[in-house]
Number of protein chains: 4
Amino acid sequence: MTTTKKAAPPSERRAHLIRLAADLFAEKGFRATTVREIADAAGILSGSLYHHFDSKESIGDEILREFLDDVLGGYRAAAAGEDDPRVVIERIVRSSTAALSRHRAALTMLQNDWAYFSAQKRFAYLRTAMKEIEQTWVDQLERGKQLGQFRADLDARLIYRLLRDILWIPTSWKQARGKGWSTDEIVDGLLRLLFDGITAPGQ
Amino acid sequence: MTTTKKAAPPSERRAHLIRLAADLFAEKGFRATTVREIADAAGILSGSLYHHFDSKESIGDEILREFLDDVLGGYRAAAAGEDDPRVVIERIVRSSTAALSRHRAALTMLQNDWAYFSAQKRFAYLRTAMKEIEQTWVDQLERGKQLGQFRADLDARLIYRLLRDILWIPTSWKQARGKGWSTDEIVDGLLRLLFDGITAPGQ
Amino acid sequence: MTTTKKAAPPSERRAHLIRLAADLFAEKGFRATTVREIADAAGILSGSLYHHFDSKESIGDEILREFLDDVLGGYRAAAAGEDDPRVVIERIVRSSTAALSRHRAALTMLQNDWAYFSAQKRFAYLRTAMKEIEQTWVDQLERGKQLGQFRADLDARLIYRLLRDILWIPTSWKQARGKGWSTDEIVDGLLRLLFDGITAPGQ
Amino acid sequence: MTTTKKAAPPSERRAHLIRLAADLFAEKGFRATTVREIADAAGILSGSLYHHFDSKESIGDEILREFLDDVLGGYRAAAAGEDDPRVVIERIVRSSTAALSRHRAALTMLQNDWAYFSAQKRFAYLRTAMKEIEQTWVDQLERGKQLGQFRADLDARLIYRLLRDILWIPTSWKQARGKGWSTDEIVDGLLRLLFDGITAPGQ
DNA sequence: AATGAATGAGTTTTCATTCAT
DNA sequence: CATGAATGAAAACTCATTCAT
């Protein structure tokens, strides 16, 4: 999950190309985006991309690593030095929503081409990161049960599974704009649903 | 949404090939699956598939149509002749979970290659179907609010967006078996989360 | 060193294409020959080759395996059931010269691109085969020394090193025709040089 | 065979770069070595090489010319003012072995990429040099026959062909060190093989 | 002297599809 | 129904070389 790679000297141009590629990946998925399209977007020939990267996959790699570093950072910070599971969960939701909006492309890549990436050893860190994310959720849900904050019959692992993907979703809405929701509205709606469900208080 | 197509004379062999293709699509996505892989699975050569189908897309088409027919049937039946939105929603959740487990491949295809399909006129029915599904959810949530069953501040469209993808999720768990959840457990957990959230009653 | 590979069903066409490729490899070396050239020679498009082979390397693999099977077969037969090292060596020289003339392309490939092939695990059998060949030579030379047939001060490993490459040479002369030597003349000249040197008897 | 070329102003840096390139050529062959690899070895960017050389081929040219100048010099010196063919041949063997060890890269280049170089007019001097080398051998072998030193039935041209490549071989052993042979041991073994063969005196 | 960026022509490979047999 | 062979268009990637700075 380290960010520095010896074969990848950072540069302005390079960073710009990654951003262009990320936008395309977000739009059409990683596999469906061709290097020619990336090059076209940059106004250069496809072969010229290989002056900066040694493969299309290494561009994807860089995008995904940065994303997971960011997300995991948020999870760790959320869990550090805080005892109330409810607060930790709220922090996780808010921080990862923010991280996701910063790395929209990475999310789309994972959603569309998870099978492709996770099958390669090069991307083994994806599975590792997912495990840490799951563990964090399960830990907090379990602690909440023990403290009596959450329903005692709640299956932490099951709830996590149900939740994880909801967390990813709001970000992809950026594309479908004009719907009129701010990120805050979405996150608040999500937290409300998570904690209280849709049933009216009295019922 | 019509089922009969002139280029598709139904037959045992044909149905079998579709099932084989569907399994592969479920595993790796529609685009990532090659006709050669489908043919290999059937023990024939790739060219021979074209005796049964006129294109790879027409295989996908058939799988997606059957799926949406099934799902929409469930939605319509759930809403027909029932007034209590809570009951309708529970029926929707149960029926679509069942439909999804019957059409696992279709779901993966939509999740992975939505952009690809929805951009083609041939697959226009996908958008139509999605709109009907959304409308059904929004209708029921709105009626629930008016009846005082659901929270008055609930944004029906937002909640639908949050929910839709959760509904798809449990299906993809078939692969990761051994986790020890039955479909019923998952649906119950999902309905409980939807109606009541994770907070303990007293809190 | 097995000849049968499940992913390579033998066929007339396939064998013909291998022969065409082998001729080109012999002429210009493996790396320097493009798949397009092979396809051109066959009168098809380069992509069509991939109907028969999954990579250029697998064509090379097939050519090299057949060659080494043939050569090693000769070495084993030469050493089997024969005690006189001088006879064994003569047999080895004759059989491998014959094998080489049957697999001229393989030889050129090894001479030109040995570094390329031997660095890949796929071609690990090349090193294994070379070791067996060396061991056979060293064994016979040592036995000849013990029997008093060969000079006692002869360094078997050194002589082998000096000899190995001479063995390969005569084959490549096929190209440079018109020189007027038959294979037999070459082999006889070689054996005479090996056993007796160039010095006149009396000197 | 002229050494001076207008596009080649000699300099320290330049000579160093040629040495680096030569090492890589020796390891992997001329064509298999990329300019980028040469530049990497020098710690500069590939484009910067073109400040010193106008093409990759001109690097190869320089390496090959120096080599052939050195080798031919040895051949001429060996034949000059000496009547005994046996002595001349011994001198040739010793001098060319020494030359080869000074120009290891050139040898690998010729062995691996002979077809490539010899097809270009720029490298016409390669064929010229080879002809002179062959003629020298044939002359000495023929004279030896007339003097009764060498076997009368010996085919000078054939023997030369058989011998030439043996001469190159020992050089490539530099890489596989630790085998425990000094250059002298190799040359002596070679001369002994050449003059007397491997057969024990009495046999 | 060297960088940093790019070219352009070529390479191997992929894959849905066609079609005579 | 299926084979066996091929197409054709596009994909990812390679690499010697150029050039403004």
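Letters go in sequence order (proteins before strands), and every chain restarts at 1.
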Quiz item: Of D:Ala32 and B:His51, whose closest DNA chain F nucleotide lies nearer the 5' terminus?
Solution: B:His51
Self-check item: CA sep, side-chain torsions, deciding dist, call: D:Glu57, D:Arg122, side chain to side chain contact (heavy atoms under 4.5 Å, CB included)
Solution: CA-CA 9 Å; D:Glu57 254 157 42; D:Arg122 169 174 205 168; 3.8 Å; yes
Practice problem: Determine, step by step, whether B:Phe53 and B:Ile18 satisfy the side chain to side chain contact (heavy atoms under 4.5 Å, CB included) criterion, reporting the C-alpha distance in whole Å, the side-chain angles of both residues, the deciding distance to 0.1 Å, and the verdict. | Solution: CA-CA 10 Å; B:Phe53 310 96; B:Ile18 291 183; 3.7 Å; yes
Quiz prompt | Considering all heavy atoms, the nearest D:Ala39-D:Leu45 contact | solution = CB-C, 3.5 Å
Self-check item: Reported CG-to-CG distance for the pair C:Asp113 and D:Asp113, which is rounded to 0.5 angstrom
Solution: 8.0 Å
Exercise. For B:Leu17 and for A:Gly47, locate the closest nucleotide of DNA chain F by heavy-atom distance; then report the residue assigned to the nucleotide nearer the 5' terminus.
Key: B:Leu17
Practice problem: Between C:Phe30 and A:Arg31, just flag the one whose closest nucleotide in DNA chain E comes earlier from the 5' side. | Solution: C:Phe30
Exercise. Write down the distance between CZ (B:Phe25) and C1' (E:dA16), rounded to a whole number of angstrom.
Key: 12 Å
Quiz item: Judged by modelled atom types alone, do D:Asp69 and D:Tyr125 share a side-chain donor-acceptor pair under 3.5 Å?
Solution: no
Exercise. Applying side chain to side chain contact (heavy atoms under 4.5 Å, CB included) between A:Phe25 and each of A:Ile59, A:Asn112, A:Leu20, A:Leu107, report the one that passes.
Key: A:Ile59
Quiz item: Just how far, in rounded Å, is C1' of E:dT13 from CG of C:Leu49?
Solution: 11 Å
Self-check item: Pairing stems for DNA chain F [at least three consecutive pairs; Watson-Crick or G-U; under 3.5 angstrom]
Solution: E:2-21 with F:2-21
Quiz item: Along DNA chain F, 5' to 3', what are the outermost nucleotides having an atom less than 4.0 Å from a heavy atom of chain B?
Solution: F:dC1 to F:dG4
Quiz prompt | Gap between atoms NE2 and P, on C:His52 and E:dC15 respectively (whole Å) | solution = 17 Å
Quiz item: Between residues 34-46 of chain D and DNA chain E, which residues have a heavy-atom gap below 4.0 Å?
Solution: D:Ile44, D:Leu45
Quiz prompt | Shortest non-hydrogen separation from C:His52 to C:Leu17 and the atoms involved | solution = CD2-CD1, 3.4 Å
Quiz item: Under 4.0 Å: is that the gap between some side-chain N or O of D:Ser48 and OP1 or OP2 of E:dA1?
Solution: no
Quiz item: What's the shortest heavy-atom distance between D:Ser55 and D:Tyr50, and which atoms?
Solution: CA-CE2, 3.9 Å
Quiz item: Regarding A:Arg19 and A:His16, is there a side-chain donor-to-acceptor distance under 3.5 Å anywhere?
Solution: no
Self-check item: D:Arg14/D:Glu62 under side chain to side chain contact (heavy atoms under 4.5 Å, CB included): CA gap, chis, key distance, verdict
Solution: CA-CA 11 Å; D:Arg14 197 186 149 79; D:Glu62 221 147 313; 2.5 Å; yes
Self-check item: Audit row: D:Leu110, D:Phe67, side chain to side chain contact (heavy atoms under 4.5 Å, CB included) steps and yes/no
Solution: CA-CA 11 Å; D:Leu110 290 181; D:Phe67 166 60; 3.6 Å; yes
Quiz item: Can you tell me how far C1' of E:dT3 sits from OH of D:Tyr50, to the nearest Å?
Solution: 16 Å
Practice problem: Write down the distance separating the P atoms in F:dT21 and E:dA1, rounded off to the nearest Å. | Solution: 22 Å
